[in-house]
Number of protein chains: 4
Amino acid sequence: MSKTTPLMLQLSSADPRPIVRQIGDGIRRAIASRELPVGAQLPSVRGLAQQLTVNPNTVAKAYSELAAEGWIDSRQGLGLFVAAPRQMLSDAERSRRLGIAIDTFAADVVGLGYPLSHVIDQVKAALKPVLNKRTA
Amino acid sequence: MSKTTPLMLQLSSADPRPIVRQIGDGIRRAIASRELPVGAQLPSVRGLAQQLTVNPNTVAKAYSELAAEGWIDSRQGLGLFVAAPRQMLSDAERSRRLGIAIDTFAADVVGLGYPLSHVIDQVKAALKPVLNKRTA
Amino acid sequence: MSKTTPLMLQLSSADPRPIVRQIGDGIRRAIASRELPVGAQLPSVRGLAQQLTVNPNTVAKAYSELAAEGWIDSRQGLGLFVAAPRQMLSDAERSRRLGIAIDTFAADVVGLGYPLSHVIDQVKAALKPVLNKRTA
Amino acid sequence: MSKTTPLMLQLSSADPRPIVRQIGDGIRRAIASRELPVGAQLPSVRGLAQQLTVNPNTVAKAYSELAAEGWIDSRQGLGLFVAAPRQMLSDAERSRRLGIAIDTFAADVVGLGYPLSHVIDQVKAALKPVLNKRTA
DNA sequence: GTGGTCTAGACCACG
DNA sequence: GTGGTCTAGACCACT
């Protein structure tokens, strides 16, 4: 009875991220912000592929990565569903990944010419809806 | 008689970024933090390649990208020098890039389970030395 | 200078595991048993695909899963290398996975008619060379 | 007048195994542990399907696989009954299947970081109630 | 209908 | 040369 949530995903060819990543990131964000609640069914591989006009394999790959990371569960013949949140990674690995993400981010924004306060404000605005939600 | 600044660059094979990007990011960071001041001469392609034990083509590629982005200027027969800060990107482009960087960052840290405050603190610490320097 | 280790992999069509899994499991075993030491270069995607007469994409998929699990590191343009061991998973997740693995194993051996002692002996023999090695 | 044994089966959507396999494995385990003794009648396809709220086709498929493997016998018009234990597989086939099960298990637990003794203890605990029962 | 696997072949970035 | 991405299309298992 769980209806498939529409899911607004915007692919952009100007975005340097590969399509698979854009899809995965978009869904990750939707799950973290509870736009897609636990147990919700995701659009089918073929359906989403058609909606985004990309190859079904591309969608399938994004989905399978999300499944490997514990964001979604796959049920043979039924579809894909938002999984209950659980901590997959060790503390050491989480800390390591945070460091990498910050280094990458720093390299990306250096040279854009924005003052620190502006960048921080934007980061806060982007993270607020996706952090501290799934454990609330 | 501007002496070539030594330039401490640490390439890491554990770092997922390709070597070209590690070099470019490292130099970009050094310029932004004024470790390499305006007018300072950069190491030669061959010299840096030897120092880092990488292919000279890789260094040359990193340099040419930095030049295209306006970070460094090449003076024929003399070498490469840190350029005066100037903004080469349109406001729309800068804003778009910031948005993408933030999206990517958000996707990376979501699911790590850290509270917003912790992430923000880390980001601030990482950005402080590289932002607000060249525009000061 | 690190020569590619030959790597004996036996694919079997009688094996119910999909090819991707057989490849991944085989390499995981080789790394865990230190047959492939840390830093060793793995056979190239195309090379291994040719050796096993499977599609390069299949090998690439197996490799990318191993990379996601932290077994190997990929270096653009250079190849794939055995990564230094690190604990990626949280205690809760490790315990969960052990439980699933044991349940699956139990379901597989029930009905084969072997006495408990025989099964345990075989399991011990199989696990001895792959457990307690990477931390030794 | 053999009454249908209630049969406690727990289907879990968190379990990665497909439903057919969960049903088959559950019944196999119940028979092996003598929870379902030889001659006991199994619930009807429709009854079990209703109890588990799954498609009757799924239950029927699970039953037909169990029958093919010799676990249960169908008596026309009467229903399905637990068969007397017999070995339908050749020694070579049994040995091959044990090998595959052990390989899969080893690949699953390698990398979890548990000491051999801990894994063996858990395996013993899981196998004790289902092995050495039907041949005793 | 659903997802999962596999093949084939193309194009790109990196060194 | 290396790996990474994407498309196209086929076949299978599950519900």
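Note that the structure is a prediction, hence the values are computed from the model and not measured. Letters A, B, ... mirror the listed sequences (proteins, then strands); counts begin at 1.
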(message) In whole Å, I'd like the distance from the CD atom of A:E65 to the P atom of F:dT5.
(response) 8 Å
(request) Side chain of A:N55 only, please: which of F:dG4, F:dT7, E:dG15 is the nearest? (result) F:dT7
(request) Under a 3.5 Å limit for both distances, which nucleotide forms a Watson-Crick or G-U wobble pair with F:dC6, could you say? (result) E:dG9
(request) Could you tell me the separation between the CZ atom of C:R21 and the P atom of E:dC6, rounded to a whole number of Å? (result) 12 Å
(message) Is any side-chain heavy atom of A:E35 closer than 4.5 Å to one of A:R29?
(response) yes
(request) Flag yes if more than 12 heavy atoms outside C:Q50 fall under 6.0 Å of its CD atom; otherwise flag no. (result) no
(request) Evaluate whether atom CZ of C:R94 has more than 12 neighbouring non-hydrogen atoms of other residues, nucleotides or ligands under 6.0 angstrom away. (result) yes
(message) As a test of reading the structure: which of E:dA13, F:dT7, E:dG3 is closest to the side chain of C:Q76, going by heavy atoms?
(response) E:dA13
(request) Tell me which of A:V54 and C:S64 sits closer to the 5' end of DNA chain F, going by the nucleotide each one is nearest to. (result) C:S64
(message) Under 4.0 Å, heavy atoms only, any strand: does C:V20 hit a base, just the sugar-phosphate, or nothing?
(response) sugar-phosphate
(request) Determine which nucleotide pairs with F:dC14, using a 3.5 Å limit on both distances of a Watson-Crick or G-U wobble pair. (result) E:dG1
(request) Rounded to the nearest angstrom, tell me the gap between atom CD in C:Q22 and atom P in E:dC6. (result) 8 Å
(request) Please determine, for the side chain of A:T58, which listed nucleotide (F:dT7, E:dG3, F:dG4) has the closest atom? (result) F:dT7
(request) Give the minimum heavy-atom separation between D:I23 and D:A62, together with the two atoms involved. (result) CG2-CB, 3.8 Å
(message) Below the 4.0 Å mark, does E:dT5 have OP1 or OP2 next to a side-chain nitrogen or oxygen of C:K61?
(response) yes
(request) Round to a whole Å and report the spacing from CZ of C:F81 to P of E:dC14. (result) 17 Å
(request) Return the 5'-most residue of the pair A:L80, C:P56 with respect to DNA chain E, ranking by each residue's nearest nucleotide. (result) A:L80
(request) Can you tell me the distance, in whole Å, between the CG atom of A:L42 and the P atom of E:dG4? (result) 12 Å
(message) Without decimals, in angstroms, what is the distance between A:R46 CZ and E:dG3 P?
(response) 7 Å
(request) Measure the distance from CG on C:L78 to P on F:dT2 and round it to the nearest whole Å. (result) 11 Å
(message) Closest-nucleotide mapping onto DNA chain E: is C:N57 or A:Y63 further toward the 5' terminus? I mean the 5' end.
(response) A:Y63
(request) Could you check whether A:R75 gets within reach of a base, just the sugar-phosphate, or nothing at all, counting any heavy atom under 4.0 Å? (result) nothing
(message) Test your reading of the model: is there a side-chain donor-acceptor pair from A:Q22 to the backbone of A:S12, 3.5 Å cut-off?
(response) yes
(message) Distance check needed: E:dC14 P versus B:D25 CG, whole Å only.
(response) 12 Å
(message) Is the phosphate of F:dT2 approached by C:S44 (side-chain N or O, under 4.0 Å from OP1 or OP2)?
(response) yes
